[in-house]
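Just below is one structure, and these are the notes that go with it.
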Amino acid sequence: MGKKKRIHIITHGCQMNMYDSVRMREMLAAEYAWVDDPEKADLVILNTCSVREKPEKKVLAELGRLRRWRKADSRRVLAVSGCVAQQMKATLIEKAPQVDLVMGPDNVKDLPALLSELAENRGLVAARFDPEGFRLKELEPLESFGSDGRVSAFVAVQKGCNHFCSYCIVPYVRGREKSRPLEEILREVARYGEHGVREVTLLGQNVDGYGADLAGGVDFADLLRRVAEIDAIRRIRFVTSHPAVMADRHIDAIAEVEKVCEYVHLPIQSGSDRVLERMRRGYDRARYLNRVARLRERVPGLAISGDMIVGFPGETEADFRETLSVVEEVRYDSLFSFIYSPRPGTRSARWEDDVPKQEKHERLQRLQELQKKLTRDSNEAERGSVQEVLFEHAAKKGAGDLSGRTRRNKIVNVPAGDEWLGRFAPVRIVAAHQNSLRGERVDES
């Protein structure tokens with residue numbers, strides 16, 4: 001077999017994009033070897049996100065930086081996938097003519113064929129978009145899973161969205177909700193387990209809605225229970241939940257299935273009922289707080305994270321204070337907060353963006369200062385406790401430290417040798433920082 005070509009993938013955005021990037025790497029593993037430096041690659045893929053304005057601009061800037069790399073060798077290929085590709089289509093080619101290949105997120109399965117087509121018809125751009133499809137080629141996980149400490153894997157179970165929130169572009173670039181057949185998901189999880197994976201994160205834009213479009217009555221609760229039956233898997237996580245869809249049956253499964261971790265990401269977006277209605281979220285503040293109360297009643301010690309948008313069109317200071325009050329009431333362990341930016345084609349993009357820029361930034365700062373205190377309080381509460389940690393990789397800081405997560409999704413850095421990569425261990429929390437914990441291994445003898 002001849003020398004392999006080299007590939008590098010740059011991933012922006014959500015966990016679904018991270019999953020798609022892994023799939024692309026798997027599909028091309030027979031022909032392409034991974035390189036960490038895009039300058040040394042023969043194929044560079046930008047897997048893009050358009051949920052917010054900044055990532056889209058980042059992609060165009062990145063393509064500009066790659067222009068010289070692409071022109072230096074006519075055999076090189078520059079591809080763009082993901083939501084920006086789906087949204088911009090031919091416009092992307094006009095703005096970045098150095099791009100060879102554009103494809104939407106649901107055409108990841110076509111990547112090998114598209115690259116072959118491009119090689120045969122050099123100079124032609126192959127662009128295909130299929131927002132209603134959800135067909136994944138079943139593949140063996142990369143051999144490196146398990147051998148290099150990567151024992152956590154994403155598994156897409158559902159994609160798309162039926163909710164059409166007034167600010168959100170997801171239904172337009174990823175299509176309507178589509179669920180993967182249960183048995184197909186179970187086969188993929190089992191294969192990961194055979195390759196050393198011990199933790200899976202089940203992915204869906206509205207993961208609680210899993211199964212609504214499938215025959216046979218299977219739902220998200222059934223999915224959690226069936227995945228838990230796979231012996232090799234010791235932990236199950238999932239994202240993202242939707243407050244309007246999360247049912248008591250789902251919460252009961254989260255509580256009753258031991259392998260499901262005590263962590264839920266439950267976006268609210270605003271604490272104001274008036275703003276939530278304009279956002280078309282499908283629930284009000286009371287419904288959201290009811291779901292939080294039910295979760296905490298059934299799952300002791302549950303950690304909750306959320307999403308929040310500030311500066312939505314028409315948001316008043318009174319509306320924003322409602323957002324601050326819901327954050328104080330829920331006491332999130334972490335919160336992803338953003339300034340509103342209009343996305344092309346969405347309902348709110350037609351409205352006046354009437355909150356002054358300076359006011360948006362001031363509100364975001366007030367919100368983040370509040371959440372910073374709550375996150376620190378949450379981390380301080382872990383001090384002295386013993387937590388099960390799955391060691392996933394070397395710590396970003398601290399030579400000789402490994403980094404892992406607790407069941408509550410807290411990052412813990414621990415002095416430990418590489419032989420502990422991919423292993424579980426009880427860890428005593430000895431210090432709390434803003435975004436992580438410090439721990440020491442507990443002798444199990």
Side-chain angles (χ1 to χ4, degrees), residues 52 165 167 208 239-246 248 251 254-255 261-340 355-356 358-385 406-411 429 431-437:
R52 305 188 199 285
C165 298
Y167 58 86
D208 316 80
V239 287
T240 295
S241 294
H242 195 295
V245 183
M246 178 179 277
D248 286 351
I251 295 173
I254 295 167
C261 292
E262 294 81 12
Y263 167 75
V264 171
H265 183 65
L266 191 65
I268 183 172
Q269 307 300 1
S270 175
S272 163
D273 282 346
R274 194 181 72 85
V275 175
L276 288 171
E277 184 175 4
R278 282 173 61 79
M279 287 179 167
R280 301 184 68 186
R281 288 291 290 169
Y283 56 85
D284 58 14
R285 178 185 176 118
R287 161 73 184 186
Y288 182 88
L289 292 176
N290 172 275
R291 295 296 81 192
V292 170
R294 174 71 175 171
L295 279 163
R296 287 195 161 140
E297 175 189 355
R298 294 288 283 121
V299 189
L302 180 75
I304 298 179
S305 63
D307 292 347
M308 201 73 74
I309 296 171
V310 302
F312 190 75
E315 182 190 70
T316 65
E317 174 62 22
D319 292 323
F320 179 66
R321 286 199 297 269
E322 288 292 304
T323 288
L324 294 179
S325 71
V326 84
V327 171
E328 289 176 326
E329 184 168 350
V330 175
R331 299 189 68 83
Y332 293 99
D333 291 80
S334 60
L335 187 69
F336 301 91
S337 51
F338 309 91
I339 289 174
Y340 168 78
V355 181
Q358 182 178 350
E359 197 162 339
K360 289 181 181 180
H361 284 277
E362 288 174 351
R363 288 178 185 176
L364 182 66
Q365 183 177 5
R366 289 161 62 191
L367 175 61
Q368 291 182 341
E369 285 299 318
L370 171 60
Q371 184 56 49
K372 186 175 180 180
K373 179 184 181 301
L374 295 175
T375 298
R376 186 61 184 258
D377 290 347
S378 172
N379 288 347
E380 285 287 350
E382 302 280 352
R383 191 193 296 267
S385 67
T406 69
R407 288 176 59 93
R408 299 179 72 242
N409 207 40
K410 300 282 187 179
I411 297 172
I429 307 303
H433 306 294
Q434 183 60 53
N435 298 312
S436 65
L437 305 171

* Asked: Could you give the distance from CG (Leu276) to SG (Cys165), rounded to the nearest 0.5 Å?
  -> 9.5 Å

* Looking at Pro267 and Ser241, what are the two nearest heavy atoms and their distance? -> CD-O, 3.2 Å

* Asked: Could Arg366 and Glu317 be called an ion pair, given the rule that one side-chain N must be under 4.0 Å from one carboxylate O?
  -> yes

* **Sole candidate of Met308, Glu328, Gln269 that passes side chain to side chain contact (heavy atoms under 4.5 Å, CB included) when paired with Thr323** => Met308

* To do: Begin from the C-alpha positions of Ser305 and His265 and carry the test side chain to side chain donor-acceptor pair (under 3.5 Å) through to its verdict.
  => CA-CA 5 Å; Ser305 63; His265 183 65; 2.6 Å; yes

* Could you walk me through whether Tyr167 and Ile309 pass side chain to side chain contact (heavy atoms under 4.5 Å, CB included), step by step? => CA-CA 10 Å; Tyr167 58 86; Ile309 296 171; 3.7 Å; yes

* Asked: Does any N or O in the side chain of Arg287 come within less than 3.5 Å of the main-chain N or O of Pro243, such that one atom is a donor and the other an acceptor?
  -> yes

* Asked: For the side chain of Arg278 and the backbone of Pro313, is there at least one donor-acceptor N/O pair under 3.5 Å apart?
  -> yes

* **Distance (rounded to the nearest 0.5 Å) between Met279 CE and Asp273 CG** => 12.0 Å

* Stepwise side chain to side chain contact (heavy atoms under 4.5 Å, CB included) check, Arg274 with Asp319 -> CA-CA 8 Å; Arg274 194 181 72 85; Asp319 292 323; 2.5 Å; yes

* To do: Could you please spell out the steps behind the side chain to side chain contact (heavy atoms under 4.5 Å, CB included) verdict for Glu329 and Val292?
  => CA-CA 10 Å; Glu329 184 168 350; Val292 170; over 6 Å; no

* Structure fact -> Output for pair (Cys261 SG, Ile254 CD1), nearest 0.5 Å, gives 11.5 Å

* Asked: For Gln368 and Thr375, what are the C-alpha separation, side-chain angles and deciding distance, and is it a side chain to side chain contact (heavy atoms under 4.5 Å, CB included)?
  -> CA-CA 10 Å; Gln368 291 182 341; Thr375 298; over 6 Å; no

* Starting at CG of Leu295, measure out to CD of Glu262 and round the result to the nearest 0.5 Å. => 12.0 Å

* **Gln358, CD atom: more than 12 neighbouring heavy atoms under 6.0 Å** => no

* Structure fact -> Interatomic distance, CD@Glu369 vs NZ@Lys372, rounded to 0.5 Å, equals 5.5 Å

* Structure fact -> Looking only at heavy atoms, the pair that brings Leu367 and Ser337 closest together is CD2-CB, 3.6 Å

* Plane angle bin for Tyr288 and Tyr332 - parallel if under 30°, tilted between 30 and 60°, otherwise perpendicular -> tilted

* Minimum heavy-atom separation for Arg298 to Ala255, with atom names? -> O-CB, 3.3 Å

* To do: Evaluate whether atom CD of Glu359 has more than 12 neighbouring non-hydrogen atoms of other residues, nucleotides or ligands under 6.0 angstrom away.
  => yes

* Asked: Asp377 side chain to Leu374 main-chain N or O, any donor-acceptor pair under 3.5 Å?
  -> no

* Asked: Which atom names give the shortest non-hydrogen contact between Leu266 and His242, and what distance separates them?
  -> CD1-C, 4.2 Å

* Structure fact -> Interatomic distance, CG@Leu302 vs CZ@Arg407, rounded to 0.5 Å, equals 11.5 Å

* Asked: How would you list, by chain and number, every residue that makes a salt bridge (charged side-chain N to carboxylate O under 4.0 Å, His left out) with Arg294, sequence neighbours excluded?
  -> Asp248, Asp252

* Before accepting this row, confirm whether a basic side-chain N of the pair Glu380/Arg383 lies closer than 4.0 Å to the acidic partner's carboxylate O. => yes

* Answer whether the closest heavy-atom distance between the side chains of Val330 and Arg296 falls below 4.5 Å. => yes

* To do: Salt-bridge test for Arg363 and Glu315: reply yes if a basic N is under 4.0 Å from a carboxylate O, no otherwise.
  => yes

* Can you see which heavy atom on Ile268 is nearest to which on Val326, and at what distance? => CD1-CG2, 3.9 Å

* Search all heavy atoms of Ala303 against all heavy atoms of Asp333 and return the closest pair with its distance. => CA-OD1, 3.3 Å

* Answer yes or no: is there a donor N or O on one side and an acceptor on the other, between the side chain of Arg285 and the main chain of Gly271, under 3.5 Å? => yes

* **Check: Ser385 side chain, Glu382 main-chain N or O, donor-acceptor pair, under 3.5 Å** => yes

* Does Asn379 reach the side chain of Gln434, with side-chain heavy atoms less than 4.5 Å apart? -> no

